[in-house]
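A short write-up of the structure that comes next.
Being a predicted model, the structure only gives us computed values, none of them experimental.
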Amino acid sequence: MVIRSPHADVDIPDVSLYDFLFAPLSEDDLDEVAVVDGPSGATTTYGELRGQVDAIAGAISARGYEVGDVVALHSPNVPAFVSVFHGLLRAGITVTTINALASGTEVGKQLAASGAKGLITVSPLLAQAAEGAEAAGLPPEAVVVMDGADGYANLRDLLTSGAPAPEVSFDPATHLAVLPYSSGTTGLPKGVMLTHRNLVANVLQAEPYIPLTRDDVIPAVLPFFHIYGMTVLMNGAIYQKSSVVTMPRFDLPEYLRIIAEHRATVLFVAPPIALAVAKHPLALEADLSSVRLMMSGAAPFDEQLAAAVSQRLPHASVTQGYGMSEMSPVSHTIPVGRDDISPGSIGLLIPNMQAKIVDPATGEEIEQPGEGMSAPGELMCAGPNIMAGYLGNEAETRDTITADGFLHTGDIVTVDADGAFYVVDRLKELIKYKGYQVPPAELEALLIAHPQIADAAVIGVVDDEGEEIPKAFVVAADGAELSADDVMEYVAAKVAPYKKVRAVQFTHAIPKSAAGKILRKELRAA
Ligand code: 4UW
């Protein structure tokens, strides 16, 4: 049975993201503050932001990039992220966003896999960026260091080139806007092809349930390079002329200072930040009286944690949303004001979305109940926000999106009679550490490459603090002398910090199916 959003469909115009967000700015909008640099307090108005976006689009075209070229953006949340991101898109460039914590090897892999012809980064990340660029064969002339570094072009060069924004034409329904990397339901990270239409649609679909206003002030602690920060926070805020206050990294005292000083109204968070706000002694002393909404997503958020947040923020709505890179990303949220829906729920299907719940064992569709809760099954979603596919990977695309347009989420959910969904388990391999993706296949490939490791498998386990962490099961090679610490250090030296293996168990064999697939369920039960 197909379950539909209880909300009427919204109209999705056939426009580019630039025409959607920046073309409609009125005279009144131009003086509104768009972006505040958290550390310095420097502001950028909507008028200034649009000017920068146009200038960067011009400079990028003048540097020889053309519609359809891929350029990588590798930066934490700084105001220039917003102008460069939208400047690239305005010029018809497809932006692949790279995690600011990525190692040099990881940067190189994504540059090569996405076919990026340029890389835009910041000086604190230059070591990894330069290593990645070299590995991918990008010359230094193709690298821009926004805040400047010897031998590289910088943001000022892009802003002052004087080249006019190019006249470009492309079909927003098919032209790729962004290529974030996600491992999806299985295997290694893949380029998620999201069109301009996908991104425009998802902002409009989310809006009725998460209504932002021009008076909202939103600390941007979730990274813009991840799809949640990109669509819900950055693009959602620009659409409503709200203000975002950028934070290059999560730092609790700084976060609390920004909330208090800027009178922040809306907090988009992942569960670890919700936990800090609810429980950390520093948060108990902070002035959070301006907050009207906290919304959690990207990893499981339960009713107990929601209750603790509500106790700390008695005047705010505490809600939850759910999404996936492959859905641009939002498919579900609790509409603000629907206090009758448990905050432990991921909420209702947003407008223009359809879902099916399918028994993974039999493939049968599970019915929505007339009362109570449905049986659990895999969530499958269809809508205008579903990706065009994985870059250069038709087989994985076919395995992920059915012929009638439903995307396998790899998450196990139930639904109640009112259409509120609950995530109850994960079918896919993916591990989420603090909301970040950790693909087990990537860690397994690394582990198996170690000369003293005969075989390995990685699964997510929940630690004492309730955080999901990657745990490696390791079969040591004959005669190997290898400790758990050795294994953890070996991996830590090669991957972004959030991907570290945080627990190791030595074992005699990795359970596998006849086809050689790791039987993760058996490891979980071990
Ligand atoms: N509960 C349990 C959740 C939840 C969850 C996600 O890295 P990706 O591809 O994407 C994301 C997107 C998060 C997000 C998008 C829009 C939104 O409104 C919101 O909340 C406000 C969050 O993280 O990882 C996708 C996978 O992350 C897990 C789930 O396994 C999903 O397939 N996940 N949200 N609320 N698990």
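Within 6.0 Å of atom CZ in Arg249, 12 or fewer heavy atoms from other residues, nucleotides or ligands are found, so the atom counts as exposed in its surroundings. Counting heavy atoms of neighbouring residues, nucleotides and ligands inside a 6.0 Å radius, atom CZ of Arg156 does not exceed 12 of them. The environment of CD in Glu134 is sparse: at most 12 heavy-atom neighbours from other residues, nucleotides or ligands sit within 6.0 Å.
Residues Asp29 and Arg214 are paired through a salt bridge, judged by an N-O separation under 4.0 Å between the basic side chain and the carboxylate. Taking 4.0 Å as the cut-off between side-chain N and carboxylate O, Asp54 and Arg90 count as a salt-bridged pair. For Arg257 and Asp251, the salt-bridge test fails: no basic side-chain N is under 4.0 Å from an acidic carboxylate O. Between Lys434 and Glu467 there is no salt bridge, since no side-chain N of the basic residue sits under 4.0 Å from a carboxylate O of the acidic one.
Among residues two or more places apart in sequence or in another chain, the ring-ring contact (aromatic ring centres under 6.0 Å, His included) test is passed with Tyr255 by Phe250. Residues meeting the side-chain hydrogen bond (donor to acceptor under 3.5 Å, both in side chains) test with Asp486, sequence neighbours left out: Ser483. Qualifying side-chain hydrogen bond (donor to acceptor under 3.5 Å, both in side chains) partners for Lys190, counting only residues two or more places apart in sequence or in other chains: none.
With 3.5 Å as the limit, one finds no donor-acceptor pair spanning the side chains of Gln320 and Thr333.
Using the six-membered ring where Trp is involved, Phe85 and Phe81 have ring planes that are parallel, under 30° apart on the 30 and 60° scheme. Aromatic ring orientation, His196 versus Phe170: tilted (interplanar angle from 30° to 60°). Taking the six-membered ring where tryptophan is involved, the planes of Tyr322 and His332 are perpendicular, since the angle between them exceeds 60° and thus also 30°.
Side-chain atoms of Asp411 do not come within 3.5 Å of backbone N or O of Arg426 as any donor-acceptor pair.
In this structure, Arg50 fails the cation-pi test against Tyr18, since its NZ or CZ atom is not both closer than 6.0 Å to the six-membered ring centre and inside 45 degrees of the ring normal.
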